[in-house]
S.K.: 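To start, I am sharing the structure in question, which I have written as structure tokens.
First the proteins, then the strands, lettered A, B, ... as listed; each starts at 1.
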Amino acid sequence: MKKFHLKGLSVVAAVCTWITLSISGTGLAADTIKLGVAGAHSGDLASYGLPILKAAKLVVEDVNAKGGILGKQVEIIAEDDMCKPEIATNTATKLVSDGVTVVLGHVCSGATKAALDIYKDAKIVTMSASATSPDLTQSGKYPNFFRTIASDDAQAKLEVDFALNTLKLKKIAVLHDKGDYGKGLAEYAKGFIEKSGKGEVVFFEGITPGAVDYSAVVNKLKRSGAQAIIFGGYHPEASKLVAQMRKDKMKTIFISDDGVKIDTFIKLAGKYAEGVYATGPKDTSTNPMDKAVREAYKKAYGEDVGVFSINGYAAAQALLNAIQKAGSTNYDAIVKALRTDYVETPLGKIKFDDRGDAVGVGFSMYEVKNGKYVELK
Amino acid sequence: MEYFLELFMGGLTRGSIYALIALGYTMVYGIIELINFAHGEIYMIGAFTALITASVLAVMGVHQFAIMAIAMLAAIVYSSAYGFTVEKIAYKPLRHAPRLSPLISAIGMSIFLQNYVLLAQTSDFLPFPSLIPDFKFLEPYSNYLRPTELVILLTTAVVMVFLTLLIKFTKIGKAMRATAQDRTMAMLLGVNVNRVISTTFVIGSALAAIGGVLIASHIGQINFFIGFIAGIKAFTAAVLGGIGSIPGAVLGSFILGLTESFATGYVSSDYEDVFAFALLVLILIFRPGGLLGKSTTQKV
């Protein structure tokens, strides 16, 4: 009986504290700029959400120490969506009613999509550091959405742009290894080539991973007259294909993805790897800001940055910078600032395109030169 | 026409490799009616032995032809030793057990050998040196016949002739045929059946090792899993041709190789396996024993 009372008391206490906190939050509304941070802060996907929240806190501390934005202090309102779409809508509604100016979130693509309609209606700029579903930006349905991470099809886009615009090729063969990753990329690449109208896909096929050899496919490639191959898949098949093509004295350009951009590929294909192009995450390790953020994070939390911390840091910076540049918390002004003004982040100098993808974030093209992958600038 | 020839040669090459492995399956089956699932692993071990030997020899600066010959020989000897040992450990004690027992034992052996190589070597793919040199005289024809393909085709042909002579005209060949026909009767007539079975495993393993080295130097990479995939295909080829029949295994392998090559070349590589196995099903519907096999009722 006594135990029950205690429990009851603590619940009452918790409720009281919560109410007090909420009241004080609303009370300060006039003087602060509220940055909503939504994502998985508990549950099994918390390891994606928490590092973003922690990175955002670092940015906010930094900004507040320098006097805040538009003369106001920045306040973080964190809400947990556990990466579940059905919870995310509640989270979004709550953040909107709390009066947030902008939202950093959500973490998972599904939850982000569910929440976006609510933010859109409320005219709140939302920026994710981790949602990679291409649909979020490409559907054009969410003009309020931005992100500091490359979408899933960014590699395919980069490969196609590189082949059509940089190398000025017309006839491209698209191959894949029938796997989720490889086939997905290959299908995006095919779509981009067809949409561009600058080149044609001379053939699109899946090869069997682990097959004894690929001579028939290579012969077919030769006959198709393709100038380049875009391959979606991993390094064992890629190295077999490249070696067999080069042994056949085919000079067809080989372009692939980050499944191939590893040193094992060069080891396997040996001299035949020379001149192969592959996309890989942009090298940001030379950026001094990247290094500084990693150190500050470690100092503040006693752990290394999480998987999306750097993207989260950049997103918080971009959002706050846009408010500063816009000179107000007006939705249209913030959107305009995001699209026009570059901001210095650990990911490099970024701004956002019309659909909300960050320009200058994501993948770079690498080429094998003298047995090493070299980033093409 | 040139495209057709390219595909044809590619298919024949693939078929040759299948044939070298399939012979091991079919010979063992012919004699003790066991599907030796560990056979693909012997092929893989052959390739690994050749890789290790070739790497050591290359460091010592031996001439390329010598490397090729010694690596091949090492692979044959080592794989044969494995084949011999596998039979003694995993199959001989089960000779009189129900037929399902050695089959399970074979599957176990296959898994064991794969994991043994995985642990002893690496799970990664390893680059394999191209032991077969580029022949200058092939330049004008290299469009549809690559040097490695020529070597694979010639080696396979020589091995086939050698095997036929061995089985038809030598004493051990006669003993093998006798054992295949009726093991008990052969034993009664003084054939050392255990030795015949061991010899069969050794020959089969040697052939698989040759296949392993040739294909590895053709495609330039190996890992611990290559034996499984090649083994499944070779087994399919053996069944297609009629398991237990030596000419059948060769015929089945060439048909399988060519089907795969043409399916990829004229339809799509997406359907490579679909065509290969559809053909298998078709042939087994009309000839349940395979193309050249005897149709008998079997329990396993």
S.K.: Counting C-beta onward and ignoring hydrogens, is there a side-chain heavy-atom pair between A/Gln244 and B/His218 closer than 4.5 Å?
M.R.: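 Answer yes - side chains close enough.
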
S.K.: Any side-chain to backbone donor/acceptor pair from B/Lys233 onto A/Ala211? Under 3.5 Å, distance only.
M.R.: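 A pair under 3.5 Å: no.
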
S.K.: Is A/Lys222 close to B/Glu6 at the side-chain level, that is, under 4.5 Å between some pair of heavy atoms?
M.R.: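 SC-SC contact between B/Glu6 and A/Lys222 confirmed.
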
S.K.: Looking at B/Arg146 and A/Asp248, would you say the former's side chain and the latter's main chain have a donor-acceptor pair under 3.5 Å?
M.R.: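 The answer is no, because no donor-acceptor pair under 3.5 Å joins these two groups.
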
S.K.: Determine whether a donor-acceptor pair (N or O, by modelled atom type, separation under 3.5 Å) exists between the side chain of A/Glu205 and the backbone of B/Ser269.
M.R.: yes

S.K.: Using side-chain heavy atoms (C-beta onward) and a distance below 4.5 Å, is B/Asp270 in contact with A/His176?
M.R.: yes

S.K.: Would A/Asn219 and B/Tyr3 count as a side chain to side chain contact (heavy atoms under 4.5 Å, CB included) if you check the C-alpha gap in whole Å, the side-chain angles of each, and the deciding distance to 0.1 Å?
M.R.: CA-CA 7 Å; A/Asn219 282 329; B/Tyr3 183 58; 4.2 Å; yes

S.K.: Starting at CD1 of B/Ile219, measure out to CG of A/Leu241 and round the result to the nearest 0.5 Å.
M.R.: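 Here the interatomic distance stands at 11.0 Å.
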
S.K.: Between A/Val212 and B/Tyr18, which heavy-atom pair has the shortest distance, and what is it?
M.R.: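 Minimum heavy-atom separation between A/Val212 and B/Tyr18: CG2-CE2, 3.7 Å.
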
S.K.: Is there a side-chain contact between A/Ser239 and B/Gln221 in this structure, where contact means two heavy atoms from C-beta onward sitting under 4.5 Å apart?
M.R.: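 With C-beta onward as the side chain, the pair touches.
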
S.K.: As an exercise, state the distance from OH of B/Tyr266 to NZ of A/Lys220, rounded to the nearest 0.5 Å.
M.R.: 10.5 Å

S.K.: Flag the pair B/Met9 / A/Ser215 as yes when at least one side-chain heavy-atom distance between them is below 4.5 Å, and no otherwise.
M.R.: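 No, their side chains stay 4.5 Å or more apart.
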
S.K.: Taking the side chain as every heavy atom from C-beta outward, state whether B/Thr264 and A/Tyr214 have any atom pair closer than 4.5 Å.
M.R.: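 A side-chain contact is absent here, since even the closest heavy-atom pair is not under 4.5 Å.
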
S.K.: Tell me, side chain or backbone of B/Glu2 under 4.5 Å from chain A's heavy atoms, or both, or neither?
M.R.: neither

S.K.: Given a strict heavy-atom distance threshold of 4.5 Å, which part of A/Lys178 is in contact with chain B: side chain, backbone, both, or neither?
M.R.: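 Interface part for A/Lys178: side chain.
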
